[in-house]
Protein chains: 2
Amino acid sequence: MRIGELSRRTGVPVPTIKYYVREGLLPPGELTSPNQASYDETHERRLRLVRALLDVGGMRVAEIANVLAAIDDPARPLHKVLGAAADPLGTAHDEHEDTEAASAHAVVADLVSRRGWQVHESNPAAADLSKALAALGRLGHSAFVEVLDTYADAAEQVARADLAYVARCVAVEDMVESVVIGTVLGEAVFSALRRLAHVDASARMYGTDGSKEHETS
Amino acid sequence: MRIGELSRRTGVPVPTIKYYVREGLLPPGELTSPNQASYDETHERRLRLVRALLDVGGMRVAEIANVLAAIDDPARPLHKVLGAAADPLGTAHDEHEDTEAASAHAVVADLVSRRGWQVHESNPAAADLSKALAALGRLGHSAFVEVLDTYADAAEQVARADLAYVARCVAVEDMVESVVIGTVLGEAVFSALRRLAHVDASARMYGTDGSKEHETS
DNA sequence: GGATAGCGGATAGCGCTACTATCTACTTCA
DNA sequence: TGAAGTAGATAGTAGCGCTATCCGCTATCC
């Protein structure tokens, strides 16, 4: 298959494919001549993965390059790469510690130890959690920590389901890739489900019409 | 308070505050002279909210302007605005229906009716869910639908907790704003918790070190 | 009252990201 | 043989979230 057919099959424009190859998102095709290369189904699949991570997962090109490098090189620490991926909160660690940030850190540490989570505290997800809780605190919503355990229950439930799915349905050689897909696309799935559940719960509590204007007017 | 103090209190540079005012994220200060204006705590709070939605929630400036307009104008349909907010999947509805998209739609419709969710099918969250499931299908993960109910259970749990929190802790006049905060920042909180739970579950299943390299090597 | 700092308002520019357009020399295939 | 396609390279684009600069004015301190 040449690049044109790859483009036709996936709907990705040819120059974009070339761009992805340049950025390391896609391995180059195998050269059959100095200016002809052939691509196969692995390229097609990888390309679809890239588009899914971009369009659905909201990841950036550089992050995707990182994650794909980890997929292709089993020696790379996937969890760190994944930790930094797909989050709007940059890894930029601000040194300025205010009150809210400090108490948010304490809340996170408490939560992790109370749950017995085997998570190193340097995990970027913990930092993201602190950041979110600190922002909530600054907005006068420190009481949000009261629902944290409910959130954590749900998160554990989801995480167990994810692992069971991967263990059950996936060949070992595809496992790393599947973890990436599950982590990134699973987040999009859950996010949508949560918004649907919000609408439903809100309809049950305040009204009966799921498409109504909001009810506080 | 003048703009300089607002800037000092929130850490947001003065030109950025002016930019936010231009973009409608922040109401202009009350003019006391042709070129002097005064800001109060409502501006400060609003500014913090804007930064939280930007930095933690990952929303875009235009989306935030939308959502804030809905907060300030109770006649606006908040759920639609919120539906479009904070998701990487644009509202751009592609007309091209392939196999995966069709079956994803069917799965979503089935899920909604099976759960008895009172959600109009035009809800953007439903479209996002379809898109994510279609992408999963295209990557050979149609079997992911098997965990959908577990996801939906968790989502309902979270949604109930959110509503209870808002009903319990928030004055009526702040309710709309709190819903926005809970929806957007709550997503960031859950996302971080999910990643932490993944690491923990993975450590329990395959190893004991939460900071280890991934175990498939 | 004069110096200095800050202000509102406006316009222009910057750095980044994800492409997109164009060009050249070459290959494939009808 | 000739139109279409290709690899690889370089340059340009659109949008986003700021950021820099300038102007004429004002508040404040001594």
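First the proteins, then the strands, lettered A, B, ... as listed; each starts at 1. These numbers come from the heavy atoms of this one structure, side chains and all, not from hydrogens, waters or symmetry mates.
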Which nucleotide in the list C/dC19, C/dT27, D/dG8 gets nearest to the side chain of A/Lys18? D/dG8
How about CD on B/Glu30, more than 12 heavy atoms from neighbouring residues, nucleotides or ligands closer than 6.0 Å, or not? no
Spacing between B/Met1 atom CE and D/dA27 atom P, to the nearest angstrom: 18 Å
Calculate the interatomic distance between B/Leu54 atom CG and D/dC16 atom C1'; express it in whole Å. 11 Å
If the plane angle is over 60° it's perpendicular, under 30° parallel, otherwise tilted; pick one for B/Tyr151 and B/Phe144. perpendicular
d(CD, B/Gln36; P, C/dC7) in whole Å: 7 Å
For C/dC26, take OP1 and OP2 only and decide whether either is under 4.0 Å from a side-chain N or O of A/Ser33. no
What integer distance in Å separates A/Asn35:CG from D/dA7:P? 8 Å
Nearest whole Å is fine: how far is C/dG9 C1' from B/Glu23 CD? 15 Å
B/Arg60 atom CZ is separated from D/dC18 atom P, nearest whole Å, by 13 Å
On DNA chain D, more 5' by nearest nucleotide between A/Pro28 and B/Ala62 is A/Pro28
Please step through side chain to side chain donor-acceptor pair (under 3.5 Å) for the pair B/Tyr39 and B/Arg9, ending with a clear verdict. CA-CA 12 Å; B/Tyr39 303 82; B/Arg9 285 202 199 185; over 6 Å; no
Please state how far atom CG in A/Leu25 lies from atom P in C/dT17, giving the value in whole angstrom units. 13 Å
Of the nucleotides D/dG17, D/dT6, C/dG9, which has the atom closest to the B/Val61 side chain? D/dG17
Partner nucleotide, any strand, of C/dG2 [Watson-Crick/G-U, under 3.5 Å]: D/dC29
Side-chain N or O of B/Tyr20 versus OP1/OP2 of D/dC18: is the shortest distance under 4.0 Å? yes
Just compare C/dT20, C/dT27, D/dA27 and give me whichever is closest to any side-chain atom of B/Arg2. D/dA27
First of A/Tyr19 and A/Pro34 reached from the 5' end of DNA chain C, by closest nucleotide: A/Tyr19
Heavy-atom pair of closest approach, residues B/Val147 and A/Ala161: CG1-O, 3.9 Å
Are any of A/Tyr39's side-chain N or O atoms less than 4.0 Å away from OP1 or OP2 of D/dA7? yes
Between P of D/dA7 and CD of A/Glu5, the distance in whole Å: 13 Å
From C/dT27, C/dG9, D/dT19, pick the nucleotide closest to the side chain of B/Pro15? D/dT19
Write down the atom of B/Ala197, the atom of A/Ala155, and the distance for their closest heavy-atom approach. CB-O, 3.7 Å
Can a side chain N or O of A/Thr16 be found less than 4.0 Å away from OP1 or OP2 on C/dA18? no
Do A/Arg22 side-chain and C/dT20 base share a donor-acceptor contact under 3.5 Å? yes
